[in-house]
Every structure is written in structure tokens, then in C-alpha cells.
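The chains referred to below are lettered A, B, ... by the order of the sequence lines, with proteins before strands, and numbering in each begins at 1.
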Amino acid sequence: MMQIKLCMVGAFAVGKSSLVRRYVQSAFSEKYHTTVGVKIDKKDVTIDGATTRMMLWDLAGEDAFCRLQTTYLRGSSGYILVADGTRAHTLDAALELHGRIELELGPLPFVLVINKEDLAAEWTIPDERIAALEGRGIRVLRSSAKNGDGVEAIFAHFARLPAEACAE
Amino acid sequence: MTTADSAQPAGRPAEAERRGAPEWHRLRSLLFGRERDSLEALRAIVGDHNSLARSVASVLPEAAAIRVGQDDGLARVLVPVIEDSLHRSVRENPRPLVDALYPLMGPAIRRSIAETLAEMLQSFNDAVEQSLSFRALRWRVDAWRTGRSYADVVLLKTLVYRVEQGFLIHRDTGLLLGHCVADQVVAQDPDMVSGMLTAIRDFIGDSFQVSSPEGVDTIRLGDLSVLVRVGPQAILAAVVRGNAPSTLSLQLSEALESIHLSHAAALAGFDGNMQRFADLDASLRPCLRSQSRAPESGTPWRAYLIIGVLAALIGGTAVVRHRAQADWNTVIAELRQEPGLTVIEADTSGDRHIEGLRDPLARDPLSVVGAETIRRLGITWHWKPYLSMEPALTRLRAQQLLAPPAGVRLQTDGDVLRATGVASGAWLVESRRRATFVPGVRAYDDSGVRLDTGAIDTAAVYFEVGADTLSPARRARLDSLLPTLVEFASAARELQRGYLLDIVGRADTPGTTETNLRLSKSRAEAVRSYLVVHGLPATLLRARGVGAVEAAANAHEYTDPDRRVDFHLATTAAEPAHGDGA
């Protein structure tokens, strides 16, 4: 079995925790976010008979009062940038975080998840911008924590990482 | 075309050689002489079995060392060979292996036995201590009060410390490499705990500028602490309940070092592959140490004491029982041996009770075994009267029935009763009558009893010189003797022993022998006639004269030894030496 560490980062209240809540094993309560700044969950994904155990480090959302502790990202096999489709500034924050992480830890596999797809009508992020990001080689996934759409795809993407690493 | 070209150079020299061109030969030796020599030398080595063996032998250890460094191929090849060799060795002659292993096995077995015994004694002692002591009672109250199980309370109170869990965590990723948990400890998902532990260490390190490069090494909450040892690639965290001794940190460090050593490659190139850490449990499990408050120091004296007291009690009881049993056996044997007592039943199932028979003449059983013994052993008995035919009892019975005079001794010889001694005729007669009534006596033998002649022996009738008639004085004398003589006569007749009464007449020395003989004889005849007249049976009486001779040895007993008639007991069997009979 392979094990990897994954981090979830994003601005405050973009739905990071909601995104994973229904899909992972959890042992700790939400208050860890506000105390330690991180909450750890576990997700086993089996693809093509190979199981990958993902230890999900759900990092507290960054806001004006609380900066992301990049220490927590150390040793990650990748990270998930989460933004709220209905609040365009969360995408800016996510990209800004991405820049900081890349600066401190070097390039790491990551996906950009734009959440709240169920409210697609209210999205303030234009499709052109998403297309532009994809044009820069960024993997953009849309998801809805509310109805679960696209969530498994996020984990499946990372579950393939070890196999891809072996293939290389 | 190319194939033909390449074939030609090979063909040409062969042809030249065939022609036997020495130039060609020389040219070849000039061009390749040295190479050919070394080639020949090599061929000699490879071709010759011994040389090849020698050259391989010279590099064999180095080759093995190199291969061992590369992979475990050599070991894989050797394992079946070694196993097979061992099997064969044991099958053919186990002696050398036994000899080789003996110095190892002996101490190992002894140690194992000693440890097992010590453990047993220790656990017995613990059990005794924990079930008997006041402390145990207090703990039970605690358990009842707090609603915990008694075992929990004992564990909490007696443990100095216990390592409940051990985590081996990859230093960079916080991923769990290995985990072990002590028995009966409920653990959270170790993967998540591992991550959280890493996160908390990071959090503390970031928040409080911890100076140590290895970060936090202890997290403590109440009696629970997490000891963290940090290695280059991995972190060993031990969850400890209680007060961990300082030595524990050292032991954890050593465990961590040994894991770094044994899994160096897997740790250095960690890529998330957990298979390379599958065998970690054996390295982690020794970290699950614990120490009880009950110190191992000293001897388990409680156990010894209790065992000692029990042994003394059991031993004492056994000794007392054994002694009582032995005494009981002695009592039975003594009673069985005693004449006139017969033990029918000796019952020890409940109280000690004896059913028996007792001859009225037998000794009191109480005096046979002693009243003290009877009381001590708590013996009860019941005796029914009976007549014992044992010789000793028969003798006693005869003694009682025959009432022998002081001079007579009674003895039994089988069923024959024998009397010896001296007795009066009356007793002899009576004893013959009574002896037949003594139970157990078939025959009575009184031949050993001499008849007591009593006054007869010393009785005498005296005569004046030359006289042979019975004067009134002499008649009176004879009359006084009559009852004794009558009694004798009656006894003699009854006893049928052939008794006779010798009436011996004597004369004094003056006078001729013939005169004296005649005189003495007529004196005896006169006495006999008188006695016959007075009722004594003539057949019993024998008169004879002895003249002046036969001054008997007991002459001094007579007032006038010479002129007299005296009486002697005789039997028909023993004829007198002199005299002419009646």
C-alpha cells in the first residue's frame, strides 16, 4: 500500500472542510482548525486494485487574522487549492497561496478546485478566466460539497500520483 | 559477397600452415607469442581441475563478501544447503551437534526454568498480596465508588508507568510507518494520530520558537505523556501513562537508532511505499515497556510465609495423624496379643471403636493399653464375655478352680494340666475330681506332686527294754495318731499310686542280733495288729523289724531312737531292702 500526504488550502469559508467531510474518515473535531490550525483526516482510494492512503491535512482557511502555516505543507505529495465560485476573490487568494507555497516548497502537484458548483448561476468567476488558468497548465476541477459532485475526482486524481511517479 | 570476404582470411593461414610454412609459424609467434603463452597458462589453469579449484579457493571469501554486499542471493542459495546439511548431520550422528549446542542449551533451559519458577512465585505473591491486603480492600472500594473495574484500579494504582502506544512517524510527511499498542489499550486511528502529532509538534515549534532543532520532545497532560525521539528520517513517539523513568528515553533512542540502521534505504528513499516497513512491529514492540509499583526487589516473603505456615500445618497434622495411627495400631496389636482378649472389629471410619470378646479371667484391657492412651486416642470399646481356651487362661481357670496349696504349681502343656510340688492327700484327691471340670483341660497329670505325709513321718511309739506288747500308754499314743493314719489310708486308696505304710520296728543294741530282730519285728506286728483292729486296711500296712541296725539318719528326731516303732511312706513298687513284708 502507498501512503501520501495531501494538503487542502484555501481562503476562509470556501468549503474545504465541507468538501471532505462526507468522504473521509475523521477522528478529530472541527475545533482543531481554530486551535492548531490543521485537522487531519484519512481517505483510502483504490484504483486498478492498488490502494492509496491519503492523509489529508485540512489547513485552516486563511483570512486577515490568520496566515497559513506553510510548515504544515512540508512533506506533502501535493495539495488542493480550493476556491469559492461565488466569490471571485477566493480564487485570487488561492492563487496567491499557490505562489507562496511554490516559493517555499518548490513545485508540487496540485489541483485547483472551484467549489459550490451547485450555485453555478451565482458564480462570479467567468469561464474565460478558468480557461485561461487551464491554458497555463493548471488542473481545474469543479465540485459541489453540497451534492458531492466532483469530489471523488479530486481524490482519484491524487490517488494516481504514486503510480505516475513509478511510471516515470 | 561479404560472407565470402570474411571467410577468406581464416582460410588462408590454415592453408599456409597445411603447407607447413615455418615462416608463417615464426611470424605468428613473433606477433602473438606473449599472448599465446598467457593464453596457454590460462588454459592450463581452467583445464586442470586442481588448478582451477586452487584459484577459485583463493578468491572465494572475497567473492562471497562482494555478493553478500550486493543482494541476498548467496544466502538464498546457501539456506537449503545448510538446512540439508544440518538434517543429515542430525540423522547420521546427532552427537557432534548436541555437543556443540550443549553449552548453549543447558544455561538457556536452566534460565528458562528459573524464570518460570520466579514468575510463578512472583505472580502467586502478587495474587496473595492483592487479594489479602488492606490495600486490596481499599482498591475494591475505589473501584465500586468510581464505577471502574477492579482490574483497572489495580493497574492504575500499581503501575509506575506503561508505554501504551508506540508510533514510528516519517519525519517530513508525518505519515505513519509503524505502530504498536499495548494490550487492552483503546487507540484512536493511528494514521490520523500520527499526522496530528506531527502537526502539533509543528504548531508548537512554529508558535513558540523552540530552540532545539529536534523540536518538542515531551508532551504531557496529567499522567499521560508523549515522549518523542527524533531521528534523521523518522520520529519515534511513545505514549506513556505514569511516570516514565529516564532510562525509557534512552531505550527509545536505541530502538529508533536500530530502526534507522535496519531500514536505512527504505527511510532515505521514502516514497510512500509501506511494504518496506511491514516488518517494523518486531522492532517497535520492545518499546511497550511497563513497570509495576510492586517492586521486584527482595524475596516474595508473603508467599514464602504462607507456604511455610501451610507446610507446617500440613506437616504437623500429618505427623499427629501418623502418630495417632501408629498408636492405634499398637493398641490393637497389644489387645490381640493379650490372652483372653479377642478383637473382633477395629473401626477407624468414624471414632476409634473396638468390638471384642473378653474372658472374665483376662486382664482388664484398660491396664493392658493404659488409660492415658485410650483417652488420648478417644477409643471406645465394648467387650462381650467368653471362655478362652488359650493355655494361659486355662491355667488361670485351673488355678482358680483347684485352689492348689502353696507347695503346688500348676502348668498347662497344650490341653494337659500338670501339677508339681507337695500336697496333702485330700487336695490330691479333690484336685483329680475338679480338674476334669476345668474347661480346656483334657487331661490332668499330678504325678509330679509328692504326697505330704506330714505328722506320720515323725510319729513313733516307744517301748521299754525287752517289751513288745502295747501298754495302755502306747495304745493312747497310737490312738492319737489314728486320725492322721486313717486320712492317709483313705488318700492312698483313692490315689491308687500303690502307697503302703511301712511300720518299722526297732531294738536297741544290747542283745543278740537275732533277739533284736525278733523283738523289733514283734513290736511292729503289735502296732500293725492294733491299727488293723482299729479300721485301717491291712493291705496298706506292712510291718517289719530291722533289729538294732538302721539307726536312721533322722534318729535325733526321736526321743528314744532305739526301742520304738516308726512309720514310713512306701510304694508297692519299691520293695524294702530288708524285712519280710506283711
Side-chain angles (χ1 to χ4, degrees), chain A residues 1-8 20 24-29 31-45 50-60 66-79 104-105 108-109 158-168, chain B residues 165 167-179 181 186-210 213-216 219 221 226 230-235 237 239 266-280:
Chain A
M1 192 185 65
M2 297 299 292
Q3 260 199 101
I4 57 169
K5 171 180 175 179
L6 283 185
C7 288
M8 289 182 61
V20 299
V24 301
Q25 286 182 46
S26 198
F28 306 107
S29 77
K31 73 179 178 199
Y32 283 81
H33 283 132
T34 48
T35 51
V36 189
V38 65
K39 173 174 160 300
I40 289 155
D41 303 306
K42 186 167 86 173
K43 171 81 176 167
D44 288 352
V45 178
T51 302
T52 303
R53 172 163 294 172
M54 283 175 270
M55 299 309 297
L56 289 170
W57 289 48
D58 179 2
L59 272 50
C66 177
R67 276 179 68 81
L68 183 90
Q69 285 180 292
T70 44
T71 327
Y72 290 148
L73 283 146
R74 203 180 53 202
S76 280
S77 294
Y79 54 93
E104 286 197 30
L105 299 169
L108 276 176
F158 284 102
R160 284 194 192 90
L161 277 183
E164 283 164 14
C166 286
E168 281 162 21
Chain B
Q165 296 185 67
F167 296 87
L168 187 74
I169 305 167
H170 189 243
R171 187 171 169 170
D172 279 345
T173 60
L175 292 174
L176 184 71
L177 301 176
H179 177 242
V181 56
V186 181
Q188 284 270 27
D189 184 301
D191 289 306
M192 286 187 260
V193 172
S194 164
M196 213 62 228
L197 203 57
T198 311
I200 289 170
R201 289 188 69 245
D202 290 346
F203 168 74
I204 295 171
D206 286 352
S207 308
F208 306 112
Q209 279 93 44
V210 176
E214 298 188 341
V216 179
I219 301 167
L221 185 72
V226 182
V230 181
Q233 267 100 30
I235 294 168
V239 180
L267 282 171
F270 181 66
D271 57 356
N273 187 348
M274 300 313 293
Q275 251 146 25
R276 304 172 77 176
F277 299 96
D279 57 345
L280 262 182

Heavy-atom closest pair, residues A:Q3 and B:D191 | OE1-OD1, 3.6 Å

Of all heavy-atom pairs between A:I40 and B:M196, which one has the smallest distance, and what is that distance?
-> CD1-N, 3.1 Å

Who wins among A:S77, A:G75, A:S76 for the most heavy-atom pairs under 4.5 Å with chain B?
-> A:G75

Would you give the length of the straight line joining atom OG1 of B:T198 to atom NZ of A:K5, rounded to the nearest 0.5 angstrom?
-> 7.0 Å

Sort B:N273 into side chain, backbone, both or neither according to what part of it lies under 4.5 angstrom from a heavy atom of chain A.
-> both

Heavy-atom closest pair (B:A199 atom, A:V38 atom, distance to 0.1 Å) is CB-CG1, 3.4 Å

If you round to the nearest 0.5 Å, how far is CE of B:M192 from CG of A:L56?
-> 10.0 Å

Could you tell me which portion of B:Q275 (side chain, backbone, both or neither) has an atom closer than 4.5 angstrom to a non-hydrogen atom of chain A?
-> both

Which atom pair, heavy atoms only, marks the closest approach of A:Y72 to B:D202?
-> CE2-CB, 3.7 Å

Where do B:L175 and A:I4 come nearest, in terms of heavy atoms and distance?
-> CD2-O, 3.8 Å

